[in-house]
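One structure below.
All chains are named by letter (A, B, ...) in the order of the sequence lines, taking the proteins before the strands, and each is independently numbered beginning at 1. What you see is a predicted model; the values in this text were computed from it and never measured.
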There are 2 protein chains.
Amino acid sequence: MEKCEQCIVRQFSSLKALNKEELLKMAECKTSYTIKKGEPIFEEGEVTNGIYCVKDGVCKLSKLSDNGKDQIVKLVKPGELLGQRSMISDEPANLSAVALEDMEVCFIPKSEVMQFFTDNNQFSMNVMRTICDDLKDADDHMVNMAQKTVRQRLVETLIYLEETFGKNDDDSLRIQLSREELAGMIGTATESCIRLLSELNKSGFVELTGKKITILDKNKLKRFA
Amino acid sequence: MEKCEQCIVRQFSSLKALNKEELLKMAECKTSYTIKKGEPIFEEGEVTNGIYCVKDGVCKLSKLSDNGKDQIVKLVKPGELLGQRSMISDEPANLSAVALEDMEVCFIPKSEVMQFFTDNNQFSMNVMRTICDDLKDADDHMVNMAQKTVRQRLVETLIYLEETFGKNDDDSLRIQLSREELAGMIGTATESCIRLLSELNKSGFVELTGKKITILDKNKLKRFA
DNA sequence: TACAAAATATGATATTTGTCATACATTTTT
DNA sequence: AAAAATGTATGACAAATATCATATTTTGTA
């Protein structure tokens, strides 16, 4: 059984409020999983009964729309928690979580987390703040979806991806999304996404090399959108 | 000074967890306001330093987008609280709150609410659940904005308005929104909104009489969208 | 009441975006 | 290595939506 004390999730998430004793209790009841790229951690409608700590790898949170398309609501990176909202609302998951890369996660059962919740005020305050941040992001995201063009959303998404997940040595985006997934983030048809990427490529704002996307001049790109 | 005990907000919001003593404390420090239709309760970017209880009247929560249009994120009705997220995140308001009807609200200073927060576990749990509900709604709303057509969003919004705010004696929607505001809810240009309403009118799904909108057959309308 | 201002409505048109077909490239499987 | 499957790219076209212009109606107010 691995200790939780040095874990990246402990350092960056609401769990930083837990003391040594609580961390030991958590280490005892946690279950570690390896999730392969493309596999789900949980699916929309599933009863999760706990939260997941993302130790390594990025996943997408998405929801299937009536039109059959999968809208990506959020990307989650190492150090973050998954499933807090469902746990607190005591509801099945509203979103599916699917690995975009090979992942390492730990599952903490609900009973354990709720214990921390009542015993440790700082922890519950941290969770509350995290959810408030998510709510703000969701509201802003909604306004963008409603008011911005597909081109603007594509450009902003590319910049977000670079700033949030970083670049490879060759300056290409570190995170690898298929065109379909990228379209699912910006809320458009895959073909439209491909076409607009092509256009950005021809105009010299980005470079496309196979699956790799490289932003050539971030500021020019921003101004263009 | 009015008592809070019988207030509609106390009955329906997170405040239902407060005991008599806490309610008395709250009644002492609250400030009551009358807000006229069209006036703001607070504006985006403003430091609110507390929460508002909506005793009467409906207001819109909206955000100004880069393109100069105001996107309505949520409508808030009597019995609900305003400004919880900003208070918890300790940030200026992310959204503007503007009265759609004459309103009665009470302001409770942050210091007071935070006291309840630490002293009354049930209250903080209620607030947390409310924010979780808001987050789920926001995520779903975002998916709709990204994936549904303007016509679908208009139809769903009309049905939402009827189901949430009810009908007048003549069956028209009780809540009065200008065409511009309705467009701001569904995320489209005012002209597009007017045109689609016209179309629904000509097709016999709704009836337009001046500002009044009447849904003629909700089920047929749903199926149409 | 009459006037000005604002809101609603509609036409004409441009632009954006989606859909379907098909080609090409890459990856996976056999 | 060949074949199949999947992902990416592009053209042609249709549909949805935005924009601009201009009536028409409603509302607020002098």
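Salt bridge status for B:Glu80 with B:Lys55: absent, with no side-chain N to carboxylate O gap under 4.0 Å. Checked for salt-bridge contact, B:Arg85 and B:Glu91 meet the test: a charged N lies under 4.0 Å from a carboxylate O. Salt-bridge check for A:Asp139 with B:Lys74: failed, with every basic side-chain N at 4.0 Å or more from each acidic carboxylate O.
Listed by first and then second residue, the ring pair (Phe, Tyr, Trp, His ring centres under 6.0 Å) pairs that reach into residues 202-225 of chain A are A:Phe205-A:Phe224, sequence neighbours excluded.
Judged purely by atom type and a 3.5 angstrom limit, B:Asn168 uses its side chain to pair as donor or acceptor with the backbone of B:Leu173. Listed for the B:Glu39 side chain is a donor-acceptor partner under 3.5 Å among the backbone atoms of B:Lys36. Within the 3.5 Å criterion, the main-chain N or O of A:Gln147 finds a donor-acceptor partner in the side chain of B:Asn67. At distances below 3.5 Å, at least one donor-acceptor pair connects side-chain atoms of B:Gln11 with backbone N or O atoms of B:Gln6. No donor-acceptor pair closer than 3.5 Å links the side chain of B:Glu162 to the backbone N or O of B:Ile159.
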Encode nucleotides 3-11 of chain C as B, S and - characters from 5' to 3', where the letter depends on protein heavy atoms closer than 4.0 Å: B to the base, S only to sugar-phosphate, - to neither. ----SSBBB
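The stretch residues 64-74 of chain B does not touch DNA chain C, since none of its heavy atoms comes less than 4.0 Å from the strand. Residues from residues 147-156 of chain A placing a heavy atom under 4.0 Å of any atom in DNA chain C, listed by number, are A:Thr149, A:Val150.
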Do A:Leu182 and A:Leu154 pass the side-chain contact (heavy atoms from CB on, under 4.5 Å) test, and can you show the C-alpha distance, the side-chain angles, and the key distance before you say yes or no? CA-CA 8 Å; A:Leu182 190 54; A:Leu154 170 61; 4.0 Å; yes
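If you walk DNA chain D from 5' to 3' and mark each nucleotide with an atom closer than 4.0 Å to a heavy atom of chain B, the marks span D:dT17 to D:dC20.
For A:Phe165, there are no ring-ring contact (aromatic ring centres under 6.0 Å, His included) partners at least two apart in sequence or on another chain.
Residue A:Arg153 comes nearest to A:Gly187 through the heavy atom pair NH2-O, 2.8 Å, listed as atom of the first residue, atom of the second, then distance.
An OP1 or OP2 oxygen of C:dG18 is reached within less than 4.0 angstrom by a side-chain nitrogen or oxygen of A:Ser192.
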